[in-house]
Amino acid sequence: ARRQRPDVYKRQKYKIPKNPITRKRSLTVEQIRAIKSYRVPDNMTGVMLARDVFIMSFIMVGMNSVDMYYVGVPNNGRLEYERRKTMNRRDDRAFISIKVEPELLPYLERYKDSLGDRAFNFFVRYSTHKQFVHKVNAHLKKVGDELGIPDLTLYAARHSWATICLLYTSDAADERS
């Protein structure tokens, strides 16, 4: 014989919990400009690198830290890579090709891998990509505190690029119609 549920369960009302409100991760164009122009004292190289990595990610259409850590040297004016987070889940191996814009050139030179294996020398400065992003985010928090941007992380560059792109492309589409 099957066990019956006690009637007490039938009378209880179950409420589906609401999803917590996710905090806004995208920044305004003005905030991105403030980060780019943030003056870092010469003795704070970690903070300078964090600011630069944030801006580089934004310029490189929101490239994330692990891909920035491993990306190869530019080829024919493009950075090409397979996105590590999703490469094993897609038939195209999450292949991405980004045009090297003129704004990126000073950063490519400043953080150039002298061995020529990768675009940036972050793997020489940090033993793992996890250490890299941890240090970058710790220093970005300092930048954010100075600029009044709470809990600034590298992820905000990625999210901001996508949001700003969507806003400007939809505004342009509205103007054309």
Side-chain angles (χ1 to χ4, degrees), residues 22-27 31-147 149-165:
T22 56
R23 64 184 171 85
K24 184 180 160 215
R25 290 187 181 102
S26 63
L27 305 178
Q31 288 172 313
I32 299 289
R33 286 185 180 132
I35 294 166
K36 185 175 189 299
S37 62
Y38 178 71
R39 296 286 168 233
V40 181
D42 291 338
N43 65 338
M44 298 179 74
T45 57
V47 175
M48 183 183 349
L49 182 133
R51 178 209 54 201
D52 291 351
V53 166
F54 185 93
I55 296 302
M56 291 162 58
S57 174
F58 187 81
I59 293 169
M60 295 185 293
V61 299
M63 184 185 288
N64 66 18
S65 62
V66 66
D67 295 324
M68 210 180 286
Y69 187 86
Y70 289 106
V71 70
V73 295
N75 184 16
N76 294 324
R78 302 191 75 78
L79 289 169
E80 297 183 333
Y81 65 101
E82 293 171 340
R83 185 161 187 250
R84 288 183 172 257
K85 183 176 177 181
T86 53
M87 66 191 289
N88 294 322
R89 292 186 242 157
R90 294 178 35 175
D91 291 339
D92 67 354
R93 298 197 41 85
F95 177 78
I96 298 176
S97 177
I98 300 170
K99 181 182 177 197
V100 174
E101 297 292 345
E103 293 83 2
L104 185 63
L105 295 175
Y107 299 104
L108 278 168
E109 191 57 39
R110 182 176 303 150
Y111 298 106
K112 185 178 188 174
D113 169 22
S114 61
L115 302 173
D117 294 334
R118 300 183 193 178
F120 306 110
N121 63 12
F122 305 136
F123 71 99
V124 174
R125 296 165 181 257
Y126 303 96
S127 59
T128 67
H129 75 270
K130 288 182 180 183
Q131 183 191 41
F132 169 59
V133 72
H134 176 75
K135 292 290 189 184
V136 165
N137 282 334
H139 289 303
L140 281 176
K141 182 164 178 21
K142 294 174 189 172
V143 173
D145 289 346
E146 289 277 324
L147 296 174
I149 304 169
D151 301 320
L152 181 63
T153 64
L154 186 57
Y155 187 73
R158 180 177 180 77
H159 201 71
S160 300
W161 183 87
T163 302
I164 291 168
C165 179

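FYI, the numbering just counts along the sequence from 1.
- Residues passing the side-chain contact (heavy atoms from CB on, under 4.5 Å) test with S97, sequence neighbours excluded: R78, E80, F95.
- With sequence neighbours excluded, the residues forming a side-chain contact (heavy atoms from CB on, under 4.5 Å) with E146 are Y38, listed by chain and number.
- F54 places none of its side-chain heavy atoms less than 4.5 Å from the side chain of V143.
- Qualifying side-chain contact (heavy atoms from CB on, under 4.5 Å) partners for R33, counting only residues two or more places apart in sequence or in other chains: V29.
- Here P74 pairs with L79, V100, L108, A119 under the side-chain contact (heavy atoms from CB on, under 4.5 Å) rule; sequence neighbours left out.
- Qualifying salt bridge (Lys or Arg N to Asp or Glu O under 4.0 Å) partners for D145, counting only residues two or more places apart in sequence or in other chains: K141.
- With contacts defined as side-chain heavy-atom distances shorter than 4.5 Å, the pair I149/I35 qualifies.
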Does the side-chain contact (heavy atoms from CB on, under 4.5 Å) test come out yes or no for I98 and L104, once each step is laid out?
-> CA-CA 11 Å; I98 300 170; L104 185 63; over 6 Å; no
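- Applying the side-chain hydrogen bond (donor to acceptor under 3.5 Å, both in side chains) rule to Q131 yields the partners S127; only residues at least two apart in sequence or on another chain are considered.
- T128 OG1 to F122 CZ: the interatomic distance, rounded to the nearest 0.5 Å, is 14.0 Å.
- A 4.5 Å side-chain heavy-atom check between L27 and F58 finds every atom pair outside the cut-off.
- Rounding to the nearest 0.5 angstrom, the gap separating the CZ atom in R51 from the CD1 atom in I55 is 8.0 Å.
- To the nearest 0.5 angstrom, M56 atom CE is 12.5 Å from K36 atom NZ.
- Annotation: side chain to side chain donor-acceptor pair (under 3.5 Å) contacts involving residues 53-71, sequence neighbours excluded, are absent.
- Here the closest non-hydrogen pair linking T163 and S26 is OG1-CB, 3.4 Å.
- Sorted by first then second residue, the side chain to side chain donor-acceptor pair (under 3.5 Å) pairs that include residues 106-117, not counting sequence neighbours, are D52-R110, D52-Y111.
- Sorted by first then second residue, the salt bridge (charged side-chain N to carboxylate O under 4.0 Å, His left out) pairs that include residues 118-133, not counting sequence neighbours, number zero.
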